[in-house]
Amino acid sequence: MDYKQPMRLSRYFLPILRETPKEAEIVSHRLMLRAGMIRQEAAGIYAWLPLGLRVLQKVAQIVREEMDRAGAIELLMPTLQLADLWRESGRYEAYGPEMLRIKDRHQRELLYGPTNEDMITEIFRAYVRSYRDLPKILYHIQWKFRDEQRPRFGVMRGREFLMKDAYSFDFDEASARLSYNRMFVAYLRIFARMGLRAIPMRAETGPIGGDLSHEFIILAETGESGVFCHADVLNLPVPPETTDYDSDLSAIIKEWTSLYAATEDVHDEARFERETPEEKRIHTRGIEVGQVFYFGEKYSKPMQSLIAGPDGVDRPFQGGSYGVGVSRLVGALIEANHDEQGIIWPEAVAPFKIGLANLKVGDAATDKACADLFAALQKAGVEVLYDDTDERPGGKFARLDLIGLPYQIIVGPKGLAEGKVELKTRATGARESLDPAEVLARLAAA
RNA sequence: CGGGGUAUAGCGCAGUCUGGUAGCGCGGAAGUUUUGGGUACUUCAGGUCGCAGGUUCGAAUCCUGCUGCCCCGACCA
C-alpha cells in the first residue's frame, strides 16, 4: 500500500454507516463498523476494509520498526502447521478446543496456528548448533486463529487476529534475561509511539508457560480484566529512540517494575497496600495489548534444539516469546481515543493525516482552492483524503469527525471570500481561519 | 461451555399474541429545492420474512428440528 498516494473520497471505498449496527456493544466496535473500517464475516472474523487496513498496517509498521531497532529479525511463518510438530512439543493435546484442527485431502492433521513457538523452534533447531550464533531474536507478523468460545468486542477479541510474535534464543539464562529486557524496552516504545500508555504488569504465564512474564496493559474502563497499580507508573519516562539495545537495560526494567502493577489474576492486596500509598492506588480495568515471557527450556528441551557451548557440551537453548496483538491494538486505540462524534486518531496511526473538505463542489473558487491544496499536500508527501463528493456540508463534517483524521481543512465559499480556509484539529475541536499558504506550512512541516 | 435473547430491504425497526401473501425510518436512484454542522418535498428501485420439515384452503405469524448472530458468566493476545 502506498500511503502517500492521495485519495479522492469519490474514488475511495469508505462505506460509512449512519446508524449503529445492533451487534456492536463497545465503542471501538461500533465506531469501526460505522467508520467503514471492518466488516464482520463470521463470529470473531473480520474483513478489513480500506480505512481499517491503513490503520492496521500502520500499527504493524510501528511494531516492525521498534522490533528491528531492538535487534530482532523479521521472517514469516505459515498460518497452517502440522499437528505432529505440536505433538513433539507436547502441546497438541494440551491446547484444547481453542485450537482449530483441520485435515487436508490426504487426511493429514493440520492446525491453524494460535502461536508459533513450536514452529520457530523447529526452524531454529534445523540451522543453529553453536553458542557463537547466539543470541538471536526472530519475529513475524502473521494471522493467528484461536477458536474462542465467545468472541466479542469486535477486533479486540476476535478469533482470527493479527499478531506480532517474537522469539528469543540464548545460550544461558543471564543472556536470556538481556533478550527479555530488550523486548521489554521495545514494547515501552511501541505503545508510546502510538500515543498509548501501556503499563507492564506482573501476570500469569498462561498456557504458554514460563517463569517470568509481564503483560502490557492499557487502562480502560472497557478492558477485559481488572488491574491494580501505583499511579506514578503512568508517568514514567519512555526510553528514547537512541536507547542502546546492546547496553545493560536493567535500570530501565527496574524503574518500570518496582512500582506495584498487577492484573487481578496475580494481585496481592496486602502487598499492594504495603507498597502503595492509599492516594496512589489505582484499581480499574485494562486491555492487554502485549505480553513478554521468559520460558527457558520449555520448547528446546522436548524438541531437542541443542546448542554446543564453549565447552563442547550440548544444551537446550533458553527461550522467550513476546507477543503484540496488532489487530487488537486498533480497537484499543479507539477505546483510548474517541468522543461523541467518533474516532480521534493519534497522528502516528491515523489512516490519513488530513481530510480536505470541499464544501461546495462545482463552485469554481472552492474547486480551485481545493485542487491547489490537494496538489500541494501531495507534493509535500502528506497523507490526505480529499472529500470531493457532492454532498451537504453537514454530512461532510459528520463523516470527517467520525473517521477521526487528525486535521480537517475546510474549504467553502464563505471563508474563501476573505481568502481563508478553516483548519480544524480533531482532537481539540479548535478551528482556525487561515490563509491556504499558512495551512500548508503548518501541515506539511510536521 | 452454562444461562438469556434474537433472526423481516444495505442499516435500525414494526408486523407474530389474534394466520389472509409485508410496512416505517435511514440509506440508494431520478428530480425540484437547499448550501458552513446530517435541508425539505416528489417519484422510483430493493425482501423466496435465517434454513428444513409439518399443520392449514391459506403461514413472516401456529408446531417440530436445525443454523447463524448477540448479551451475561466461565475462559482467553
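Chain identifiers are assigned alphabetically (A, B, ...) following the order of the sequence lines, protein sequences preceding nucleic acid strands; residue numbering begins at 1 within each chain. Just so you know, these numbers come straight off a predicted model, no measurement behind them.
Following rounding to the nearest Å, A:Q149 (CD) and B:rC69 (P) show an atom-to-atom distance of 15 Å. Rounded to an integer number of Å, the gap from NZ of A:K22 to C1' of B:rC71 is 12 Å. What separates NE2 of A:H214 from P of B:rA77 is a distance of 16 Å, to the nearest Å. Rounded to whole Å, atom C1' of B:rA77 lies 10 Å from atom CZ of A:F191. At whole-Å resolution of the value, CD in A:E148 and P in B:rC70 are 13 Å apart. If you measure from atom CG of A:D265 to atom C1' of B:rA77, you get 13 Å, rounded to the nearest angstrom. In this structure, the CZ atom of A:R146 is 16 Å from the P atom of B:rC75, given to the nearest Å. Regarding A:D165, its CG atom lies at a distance of 19 Å from the P atom of B:rC76, rounded to whole Å.
Salt-bridge formation is detected for the pair A:E88/A:R125: a Lys NZ or Arg NE/NH1/NH2 atom is positioned less than 4.0 Å from an Asp or Glu carboxylate oxygen. Between A:E74 and A:R64, at least one side-chain nitrogen of the basic residue sits less than 4.0 Å from a carboxylate oxygen of the acidic one, meeting the salt-bridge criterion.
Geometric assessment of A:R8 against the ring of A:Y386 yields a negative cation-pi assignment under the 6.0 Å and 45° thresholds. For the pair A:K144 and A:Y112, the cation does not sit on the ring face, since its NZ or CZ is not both under 6.0 Å from the ring centre and inside 45° of the axis. The cationic atom of A:R426 (NZ for Lys, CZ for Arg) does not lie both less than 6.0 Å from the six-membered ring centre of A:Y407 and within 45° of the ring axis.
Residue contacts for A:T20: at a heavy-atom cut-off of 4.0 Å it reaches the sugar-phosphate backbone alone, with no base atom in range. Residue contacts for A:G158: at a heavy-atom cut-off of 4.0 Å it reaches a base atom on one of the strands shown. Residue A:E23 is classed as a sugar-phosphate contact, given heavy-atom separations below 4.0 Å to backbone atoms only. Heavy atoms of A:E288 sit under 4.0 angstrom from primed sugar atoms or phosphate atoms, though from no base atom.
Using P as the reference atom, B:rU67 and B:rG46 are 34 Å apart when rounded to the nearest Å. Comparing the C1' positions of B:rG20 and B:rA60 gives a spacing of 13 Å, expressed to the nearest Å. The same atom, P, is picked in B:rU48 and in B:rG15; the two are 22 Å apart, to the nearest Å. Using C1' as the reference atom, B:rG4 and B:rA74 are 15 Å apart when rounded to the nearest Å. Taking atom P in both B:rG65 and B:rG47, the straight-line distance is 32 Å, to the nearest Å. Between B:rA9 and B:rA14, the two P atoms lie 12 Å apart (nearest whole Å). Annotation: B:rU43 and B:rG5 have their P atoms spaced 42 Å apart (nearest Å). Straight-line distance between the C1' atoms of B:rU33 and B:rC24: roughly 25 Å, to the nearest whole Å.
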request  = Sugar-phosphate atoms are those with a prime plus P, OP1 and OP2; base atoms are the rest. Using that split, label each nucleotide of nucleotides 33-39 of chain B B, S or - for protein heavy atoms under 4.0 Å, 5' to 3'.
outcome  = -B-BBBB
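Of the listed nucleotides (B:rA77, B:rC71, B:rC75), B:rA77 has the atom at the smallest distance from the side chain of A:R328. Distance from the side chain of A:E224 is smallest for B:rC76 among the nucleotides B:rG12, B:rC75, B:rC76.
Checking B:rA7 for Watson-Crick or G-U wobble geometry (two distances, each under 3.5 Å) identifies B:rU67 as its partner. Pairing partner, B:rC1: B:rG73, with both Watson-Crick or wobble hydrogen-bond distances short of 3.5 Å. With a 3.5 Å ceiling on both atom-pair distances, the Watson-Crick or G-U wobble partner of B:rA29 is B:rU43.
One finds no side-chain N or O of A:R152 lying less than 4.0 angstrom from the OP1 or OP2 phosphate oxygen of B:rC76. At B:rC72, one or more side-chain N or O atoms of A:R150 fall inside 4.0 Å of OP1 or OP2 (strictly under the cut-off).
The CE atom of A:M183 lies 9.5 Å from the OH atom of A:Y139; values are rounded to the nearest 0.5 Å. Here the CD1 atom belonging to A:I45 is positioned 4.5 Å from the CZ atom belonging to A:R159, to the nearest 0.5 angstrom.
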Got a list of side-chain donor-acceptor pairs under 3.5 Å for residues 433-441 of chain A, not counting sequence neighbours?
| unit_1 | atom_1 | unit_2 | atom_2 | d |
| --- | --- | --- | --- | --- |
| A:D435 | OD1 | A:K420 | NZ | 3.3 |
| A:E438 | OE1 | A:D435 | N | 3.1 |

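Using a 4.5 Å heavy-atom cutoff, the side chains of A:H283 and A:C229 are not in contact. Between A:Q318 and A:E297 the shortest side-chain heavy-atom distance falls below 4.5 Å.
Under 3.5 Å, the side chain of A:R157 and the base of B:rC76 form at least one donor-acceptor pair of N or O atoms.
The stretch residues 36-44 of chain A comes close to RNA chain B through A:Q40, A:A42, A:A43, each having a heavy atom under 4.0 Å from the strand.
Listed for the A:R34 side chain is a donor-acceptor partner under 3.5 Å among the backbone atoms of A:L17.
Between A:H267 and A:Y260, the ring planes are perpendicular. Angles over 60° get that label, and only those under 30° would be called parallel.
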